[in-house]
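Because the structure is a prediction, the values reported are computed rather than measured. By convention in this document, chain letters (A, B, ...) are assigned in the order of the sequence lines, proteins followed by strands, and residues within each chain are numbered from 1.
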There are 2 protein chains.
Amino acid sequence: MIELSGNQQHGNRATGRAENLAEGIYHKLKQDIFDFRLLPGDRFTESDVAGRMGVSRTPVREALFRLQRESYVEVLYRNGWRVRPFNFEYFENLYDVRTILETAAVKRLCEQEQGAAQLEDLKRIWLVPASERLTDMSSLSALDERFHEMLVEAAGNDEMARIHREISEKIRIIRRLDFTKPPRVEATYLEHGKVLKAIMQRRADEAQMMLRAHIEESRREVRKITLHMLYSARADADRDAM
Amino acid sequence: MIELSGNQQHGNRATGRAENLAEGIYHKLKQDIFDFRLLPGDRFTESDVAGRMGVSRTPVREALFRLQRESYVEVLYRNGWRVRPFNFEYFENLYDVRTILETAAVKRLCEQEQGAAQLEDLKRIWLVPASERLTDMSSLSALDERFHEMLVEAAGNDEMARIHREISEKIRIIRRLDFTKPPRVEATYLEHGKVLKAIMQRRADEAQMMLRAHIEESRREVRKITLHMLYSARADADRDAM
DNA sequence: GAGCACCTTCTTGTACACAAGTTTGAGTGC
DNA sequence: GCACTCAAACTTGTGTACAAGAAGGTGCTC
């Protein structure tokens, strides 16, 4: 079985205890932002959210503070909250850090004497005949995110993996736009395969180069379509609200 | 004038507004942990802190949640809070990530056509005759932390700098133990100087090697004395409490 | 004396009331 | 019509009361 959801322990399933209200609201709000139900720049109040979710302001504030620290929203002193406006430099910077962490992880993977178990999982997913490839865009987008996360996890540094996972989540909102065109899907399979093979052959420089090129390619695609997608998402939401 | 305190905007000085209670409690609690007034493993309750600080539980909870997300403390379900026990693997991992980020930053600095302004500040501090060197341990410890932070800041990626700053803060509690012996002070001046000179000469590989060796040296020192220091700090605190 | 059930106490989680401060717009003077 | 004043309506920040649940001690049973 392949772990797709990451290890972020949504609702304390490990202890069998139900998740807090604050925790649930945190995830709901974040999903609202990811799905453009809350658009960058949108303003709202704590009471809005509390009313909509049917809870008091207390857990809402807890969730908002967490989202604020992760820079998804910001508070205006005694004047409401708003979803953080889009900032392309911010995403560019995150892409850079992501590249740094992933190439460092890949280098380590090539230097480790025994291959990490996670690598086997990745091979089973990405090194498959063309006929067995997934074509569903949204699954593929999630799978791509997991590919990169698992590369870092395989390197064995939990803190590096945690930081990388946070970055991955932050850029998810624009990254999945990469998977709207079929050619990129095929390229993704190809490029992931090359990275994995290079790692298996312990060719650190080659693996890093492949990975860097792959991320750069994806970033270039995303750069082209982001603005357009963003505006159409906004237009859709506006139309729905009328 | 050299900026020593980082740019973490303690009390919204930019807007001239007084800081929140929660913000103040957050900083006080974190300082308590850094100064071993709160020891790893220590348990406490929200009411304890609220009473001690003379506020209600609300801002205390806000501060605690933030400290929890930064993994300084952890909550035990309906059973109080505790300072996160020491975990050496955790610090080792953070040291690794720090090294990755700093070497990447240095590489960029060597590749940038025009030198960053921050580098000039660093030269004025670290490339001085032996007679002008600081000897006060605690100032030097802070200055050392700023050296590494400014290296990353100079690379121009705000997110990378933010992540690095968070890591720096987390390892501060053990890192400053490096500055208890005079020989390390001299070595620090020497090693920082070498890194800066290599950057000025655009020798990326050499600069990275120097930096990596410097961090490794510091880490080795810290590894040796951490356990001892930790236990004596605990003993001191216990004696004070009697 | 040992083990177990129960109950008290204490802890966090949530709701709600009030305080402090910002925005907005109606109303007034000119 | 325009600028200004001022107050009402909101919004976040903080304090407080209550709910849900865990821990530990106490007394009872055997």
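Taking atom CD1 on I25(A) and atom P on dG13(C), their separation rounds to 14 Å, with Å as the unit. When the P atom of dA20(D) is taken as reference, atom CG of L21(A) falls 12 Å away, rounded to whole Å. Going from atom CZ of F65(A) over to atom C1' of dT14(D) covers 11 Å, rounded to whole Å. Note: CZ (R66(B)) to C1' (dG13(D)) measures 16 Å, nearest angstrom. Between the P atom of dG13(D) and the CG atom of L64(A) lies a distance of 10 Å, rounded to the nearest Å. Rounding to whole angstrom units, CD of residue E62(A) and P of dG13(D) are separated by 15 Å.
In terms of the ring-ring contact (aromatic ring centres under 6.0 Å, His included) criterion, residue partners of H192(B) (sequence neighbours excluded) are, by chain and number, W126(B), F147(B), H148(B), H214(B).
E153(B) and A161(B) make their closest contact through CG-CB, 3.8 Å (heavy atoms, listed as atom of the first residue, atom of the second, distance).
In this structure, F65(B) has its ring center closer than 6.0 angstrom to the ring center of W81(B).
In this structure, K107(B) places its NZ atom where only 12 or fewer heavy-atom neighbours from other residues, nucleotides or ligands lie under 6.0 Å away.
Residues E70(A) and Y26(A) have side chains that bring a donor and an acceptor to within less than 3.5 angstrom of each other. No side-chain N or O of H164(B) forms a donor-acceptor pair with one of E149(B) less than 3.5 Å apart.
Taking only side-chain nitrogens and oxygens, S56(A) comes nearer than 4.0 Å to OP1 or OP2 of dA15(C).
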Report all interatomic pairs (protein N or O, nucleotide N or O of nucleotides 6-12 of chain C) with separations under 3.5 Å.
residue	atom	partner	partner atom	Å
dT11(C)	O3'	G80(B)	N	3.1
dT12(C)	OP1	E46(B)	N	3.4
dT12(C)	OP1	W81(B)	NE1	3.4
dT12(C)	OP2	E46(B)	N	3.2
dT12(C)	O2	R78(B)	NH1	2.6

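Cation-pi contact between R84(B) and Y90(B): present, with separation from the ring centre below 6.0 Å and deviation from the ring axis of at most 45°.
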Are D96(B) and R219(B) close enough, and set up right, to give a salt bridge (Lys or Arg N to Asp or Glu O under 4.0 Å), and what steps lead you there?
CA-CA 10 Å; D96(B) 271 341; R219(B) 163 152 54 168; 3.0 Å; yes
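When the C1' atoms of four end pairs are superposed on the next four at each end of the helix from dG1(C)-dC30(D) to dC30(C)-dG1(D), using five pairs per end, the two resulting axes differ in direction by 20°, to 10°.
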